[in-house]
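Each chain gets a letter, A, B and so on, in the order its sequence line appears, and its residues count up from 1. The structure displayed is predicted, hence computed values, not measured ones. Hydrogens, waters and symmetry mates are skipped; everything else that's a heavy atom, side chains included, is used.
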Amino acid sequence: DQQVKQNSPSLSVQEGRISILNCDYTNSMFDYFLWYKKYPAEGPTFLISISSIKDKNEDGRFTVFLNKSAKHLSLHIVPSQPGDSAVYFCAAGLTGTASKLTFGTGTRLQVML
Amino acid sequence: ETGVTQTPRHLVMGMTNKKSLKCEQHLGHNAMYWYKQSAKKPLELMFVYNFKEQTENNSVPSRFSPECPNSSHLFLHLHTLQPEDSALYLCASSLRLAGETDTQYFGPGTRLTVL
């Protein structure tokens, strides 16, 4: 049973426009969420996180929104740049546990010129 | 840029071979992790070490044997693997402060092929 789901395997966006990547989770106990970006032949790179006590966290061009009632989070990238083309993973965790992160399957973002 | 290094980056081995993967973190973290990433599947947590002590073994077959001699180094010893073990093996580390949210930082991975 997959507790973290990224239902869109791929997304194409024009340069300069907004990219919206979505993630759904089933375990209401998760209390923090992270987004990672992965380029080919590299490990995932931490991008941004959000605690369940917030509904929004912003860092430059990246904003993560959390809707706890819908068990849904999204990553917005504005404006999208060609260097943003990568696979994006969302992950969910429980504070104070054995630091187990549960990952989604990833969404491949392609930003076109 | 990453403070987590992994060697080798690529490894091809036969089913009767014994090999080891190495991970080193330069971030002063307390916890280290092994993950397996197979094609089109989520990252699967294999092992967790906290202050050199194994705190998690996620039902991993015994042909994978982890070793953590100190908080900066982590090994994954491999023996009599199966072709289905071919995957990207990722190491990660985190600070693991009690009561705090914990961000894991990943190495570049070892691409393993079992023939």
Side-chain angles (χ1 to χ4, degrees), chain A residues 1-10 23-27 29-54 57 59 64 66 73 83 86-108, chain B residues 1-10 21 23-25 27 29-51 53-59 87-111:
Chain A
D1 176 36
Q2 207 168 319
Q3 296 188 62
V4 178
K5 297 179 183 179
Q6 294 176 259
N7 292 317
S8 298
S10 63
C23 180
D24 296 294
Y25 61 96
T26 57
N27 187 346
M29 299 295 291
F30 288 138
D31 62 2
Y32 72 104
F33 305 87
L34 308 92
W35 284 95
Y36 286 85
K37 178 170 74 172
K38 186 180 184 300
Y39 293 118
E42 293 183 16
T45 302
F46 170 69
L47 200 55
I48 192 169
S49 64
I50 187 167
S51 165
S52 61
I53 62 173
K54 295 184 175 182
N57 189 26
D59 184 2
V64 55
L66 176 62
L73 65 154
V87 178
Y88 289 79
F89 294 95
C90 69
L94 283 165
T95 307
T97 65
S99 209
K100 289 178 65 173
L101 290 181
T102 303
F103 285 83
T105 51
T107 296
R108 181 176 302 278
Chain B
E1 177 187 317
T2 179
V4 182
T5 58
Q6 289 186 245
T7 54
R9 295 293 308 275
H10 301 271
L21 310 184
C23 175
E24 185 173 358
Q25 59 96 0
L27 301 169
H29 287 168
N30 308 317
M32 297 187 78
Y33 312 78
W34 280 117
Y35 285 88
K36 175 184 178 182
Q37 186 181 25
S38 304
K40 299 184 180 177
K41 293 175 81 173
L43 272 72
E44 301 172 53
L45 179 66
M46 299 175 72
F47 302 102
V48 180
Y49 277 82
N50 191 31
F51 289 101
E53 299 297 321
Q54 188 180 124
T55 57
E56 186 85 21
N57 177 338
N58 204 22
S59 302
L88 180 68
Y89 288 85
L90 290 159
C91 173
S93 71
S94 70
L95 192 54
R96 287 282 329 262
L97 291 175
E100 298 283 329
T101 58
D102 198 38
T103 300
Q104 294 179 22
Y105 295 86
F106 287 83
T110 295
R111 174 68 62 186

Identify which part of B:Arg9 has an atom lying under 4.5 Å from any heavy atom of chain A, answering side chain, backbone, both or neither.
side chain
How far does CZ of A:Phe89 sit from CZ of B:Phe106, to the nearest 0.5 angstrom?
9.0 Å
Any heavy-atom pair between the side chains of A:Lys38 and B:Leu43 that's under 4.5 Å?
no
Return the set of residues passing side-chain hydrogen bond (donor to acceptor under 3.5 Å, both in side chains) with B:Glu24 (not counting sequence neighbours), or none when no residue passes.
B:His73
Could you pull out all residues at least two apart from A:Ala92 that satisfy side chain to side chain contact (heavy atoms under 4.5 Å, CB included)?
A:Val4, A:Phe30, A:Phe33
Exam field: side chain A:Tyr32 to backbone B:Thr103, donor-acceptor pair closer than 3.5 Å:
no
Over all heavy atoms of both residues, which pair between B:Leu90 and A:Gly43 is shortest? Give the atoms and the distance, please.
CD2-CA, 3.9 Å
Measure the CG-OH distance between A:Leu101 and B:Tyr33 for me, rounded to the nearest 0.5 Å.
7.0 Å
Which bit of B:Gln6 comes within less than 4.5 Å of chain A, counting heavy atoms only: side chain, backbone, both or neither?
neither
Among B:His10, B:Glu44, B:Gln37, who wins on heavy-atom pairs under 4.5 Å with chain A?
B:Gln37
So, taking the atom named CZ in A:Phe103 and the one named NZ in B:Lys41, what distance separates them when rounded to the nearest 0.5 Å?
15.5 Å
Using non-hydrogen atoms only, which part of A:Gln2 is less than 4.5 Å away from chain B: side chain, backbone, both, or neither?
side chain
